[in-house]
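The analysis underlying the following values was restricted to heavy atoms, covering all of them including side chains, and did not include hydrogens, waters or symmetry mates. Every chain is numbered from 1, with letters handed out A, B, ... down the list of sequences.
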2 protein chains.
Amino acid sequence: MARSGPKLTRIARTLGVSAATVSNALSGKGRVSAELAEKIRATAAELGYVPSLAGRALRTGRTAVLGLVLPDIANPLFPQIAQAIELAASSAGYGVLIADSRGDVTTQTKAIERLIDRDVDGMVIVPRRGTRIADVGCPVAVIDTPSTPGNTVAADHWGGGRQIAEHLRALGHRRVLVIGNNPASNVQNDRIGGIRSAFGDGAFVEILWIEPLEREQGKGCPLGLAAKVAEGFTAFACVSDLHALRALTELQRAGINVPERASVTGFDDLIWSPVVTPALTTARMDMTRIAAIAVEALVKAIGERDPADAGIGAPVTAENAEVPMQLVVRQSSAAPPATQFQPAQTIANARTTTTAKNIAPEGEHQP
Amino acid sequence: MARSGPKLTRIARTLGVSAATVSNALSGKGRVSAELAEKIRATAAELGYVPSLAGRALRTGRTAVLGLVLPDIANPLFPQIAQAIELAASSAGYGVLIADSRGDVTTQTKAIERLIDRDVDGMVIVPRRGTRIADVGCPVAVIDTPSTPGNTVAADHWGGGRQIAEHLRALGHRRVLVIGNNPASNVQNDRIGGIRSAFGDGAFVEILWIEPLEREQGKGCPLGLAAKVAEGFTAFACVSDLHALRALTELQRAGINVPERASVTGFDDLIWSPVVTPALTTARMDMTRIAAIAVEALVKAIGERDPADAGIGAPVTAENAEVPMQLVVRQSSAAPPATQFQPAQTIANARTTTTAKNIAPEGEHQP
DNA sequence: TATCGATGATTAAACGATTAATCATGCGAT
DNA sequence: ATCGCATGATTAATCGTTTAATCATCGATA
């Protein structure tokens, strides 16, 4: 749309100076006397002058727009990411253009191309599991996991896994089922790796992958967790709150009380985690910080870059590529039942005999 | 960043014609002979020509960018909306700039101003409950609810409420608790209105508002649903799947089986709805269609608008402002228990005596 | 044959900002 | 008195596209 506000020349005319001087005064680049500069800034502010991004972009080759590429917008983590990136970008003077790829790789490529065609100055990519980022011809910040080559900044998923595991371990759990979605995900593998490493040899850790299971049994199929409880598992450590929710409801539905008879933990502190019953114990990423670092690295790379060259856009790097995760202990995790090492038969019938201890760590609903 | 591709003049030079002719040929506006136009299109395609949005924007005053304003990006519905809008916009040749307002009204105003400063051609606003959209100086599509004045297009929330209610009614429910968040929300009120109207006088419908309750008792507080079951309520109709999830887990935790002893329904078919146990019965919006209509209306208004005038931007209107919702019946709703009209005392103890009927409508997990 | 009209293409002027190059001025030093 | 230099401001070109105005050409009509 057409600008409502005044143009550069209008301010110039108002003060009887040239447009160049106004531009210089506002950007602080050329040589302008202090008092004139001040006067210019004043009238610019008074008239509500906002520079035309189009004009500036045409001349400088900078659009002041970043692209945000996500593997799948439907990802429940998306709101957190988008919000954080938007905040960081806008405080740095950048706009954020979204590119959805609906989980499809070719769609993602197309989306990235559209961003390029729109002359974004840089982009933030949260890659789908295992996706290689092709050279896109502009600075790129990759948010994946610290262990992935080319990663710019990310949460310390491995460390998050360790925290979850140490928490469960301290509670007394020794037989835990880790629930993941897809073995090809770097993030999930790091989280699981962290969990395993913290449990070490003193515990039995098994992994259940949902996606392969669903390929066989259909989407939304039962995970068979009641049977796992019967086998002696006392904790279910899920790599996402989405899976934790699935596990929680499946257990509850089977009459298995959480956390008395089995603990459930998640990851990401998604929107529902604090409000379900029992509220989910989880590990949260510091998205605000991650986004700030990613955008900062991007902005720096953009600044150093010669706008004329459409060179290869290697992923940018940041000082602190690893942002620690924060353990959030709520009600879904507790000590395992005393009967935990009895034979399966006994455990399966334990329901009526076990007395529920009502523990309530970090309750958020006390007024 | 600087464009990698060739410019208009490069194509012109390649063919020995003027830049204007190339522009005319590509836009089909001026007078160009058919064969020359074809030749121009061919070489443009061959050289991979992509017009500079900046140059075009400067000349035409059109940036080909739409703004997307959401009350709160953290809203779990956001992914659906953003995805749908992005799809609709990009197929219409527009980019989507996001503006987050973190639930705050003044932040929202600032976000909108930033969009204006960036010269968006129009914007899609999903207003926070009761927010009045100030004149923003560009075409605006409002997605709220059909009964709100100024609304451009929206799901038929009232109708969705009716569908949910009719479903529950047909199952035999006569005492239902409607769970909402905030009485100030137009959307929620419409959904609830639909529910009430479909139940009519033959049933007892009570409303529970979460937000006021939480202000008293703290965030994530129990809703006291077990007591409601004891009072004879057999169904909990929530205005969002988020609340449905909360209700479901609270009931499960209290040992009340869903759907055998109480039915739970939601709204919006959020990401977790199909995978929790039991999967949630819900009413889904056709976001794709809503977004398509919103963007179409916006594009039309942009086309008719004189780029020179920065006139008042009244909300645009669309042909079909009302898009029907779709009832999705899953496992969380079933007929009420036979004991439903017995005194509370009996009902509270019914747990051990009631035999669970295992109904499985629309199961998504059969392979 | 001179003229009119239609057709097809070119010229040139924008759009709004940035910036290298230029110009004017005043002051101190030679 | 003049040169040089620093300072402060202006000129003019430029980014890439669109579009109104202009021009050239040719066939048909008066």
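Shown here are the side-chain hydrogen bond (donor to acceptor under 3.5 Å, both in side chains) partners of S91(B), two or more places apart in sequence or in another chain: there are none. Annotation: salt bridge (Lys or Arg N to Asp or Glu O under 4.0 Å) contacts of R56(B) (sequence neighbours excluded): none. Evaluation of the salt bridge (Lys or Arg N to Asp or Glu O under 4.0 Å) rule for E38(B) yields R41(B) as partners, not counting sequence neighbours. Residues meeting the side chain to side chain contact (heavy atoms under 4.5 Å, CB included) test with T317(A), sequence neighbours left out: none. For T145(A), the side-chain hydrogen bond (donor to acceptor under 3.5 Å, both in side chains) partners two or more places apart in sequence, or in a different chain, are D190(A). K39(B) meets the side chain to side chain contact (heavy atoms under 4.5 Å, CB included) test with L15(B), L36(B); sequence neighbours excluded.
Between R62(B) atom CZ and dT19(D) atom C1' the separation is 14 Å, expressed in whole Å. If you take CG of D119(B) and P of dG16(C), they are 10 Å apart, rounded to a whole angstrom. When rounded to the nearest whole Å, the span between CG of L53(A) and P of dG16(C) equals 13 Å. Look at CZ on R10(A): it is 13 Å from P on dG16(C), rounded to the nearest Å. Per the geometry, CD1 belonging to I40(A) stands 13 Å off P belonging to dG8(D), to the nearest Å. If you measure from atom CZ of R56(A) to atom C1' of dG16(C), you get 10 Å, rounded to the nearest angstrom. Put simply, CZ on R13(B) is 13 Å from C1' on dG16(D), counting in whole angstrom units. Taking atom CD1 of I11(B) as the reference point, atom P of dT18(D) lies 11 Å away to the nearest angstrom.
In this structure, Y49(A) does not reach the dG16(C) phosphate: none of its side-chain N or O atoms is under 4.0 Å from OP1 or OP2. When the side-chain nitrogen and oxygen atoms of K29(A) are compared with OP1 and OP2 of dT18(C), none of them lie within a distance under 4.0 Å.
Two end axes, each from the C1' atoms of five base pairs, can be drawn for the helix from dT1(C)-dA30(D) to dT30(C)-dA1(D); they diverge by 80°, to 10 degrees.
R305(B) places no side-chain N or O within 3.5 Å of a backbone atom of C138(B) that could act as its donor or acceptor partner. At distances below 3.5 Å, not a single donor-acceptor pair connects side-chain atoms of D121(B) with backbone N or O atoms of L66(B).
Listed by first and then second residue, the side chain to side chain donor-acceptor pair (under 3.5 Å) pairs that reach into residues 20-30 of chain B are S18(B)-T21(B), sequence neighbours excluded.
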> How does each nucleotide of nucleotides 9-14 of chain D score, in 5' to 3' order, for protein heavy atoms under 4.0 Å: base (B), sugar-phosphate only (S), or none (-)?
Replying inline: BBB-BB

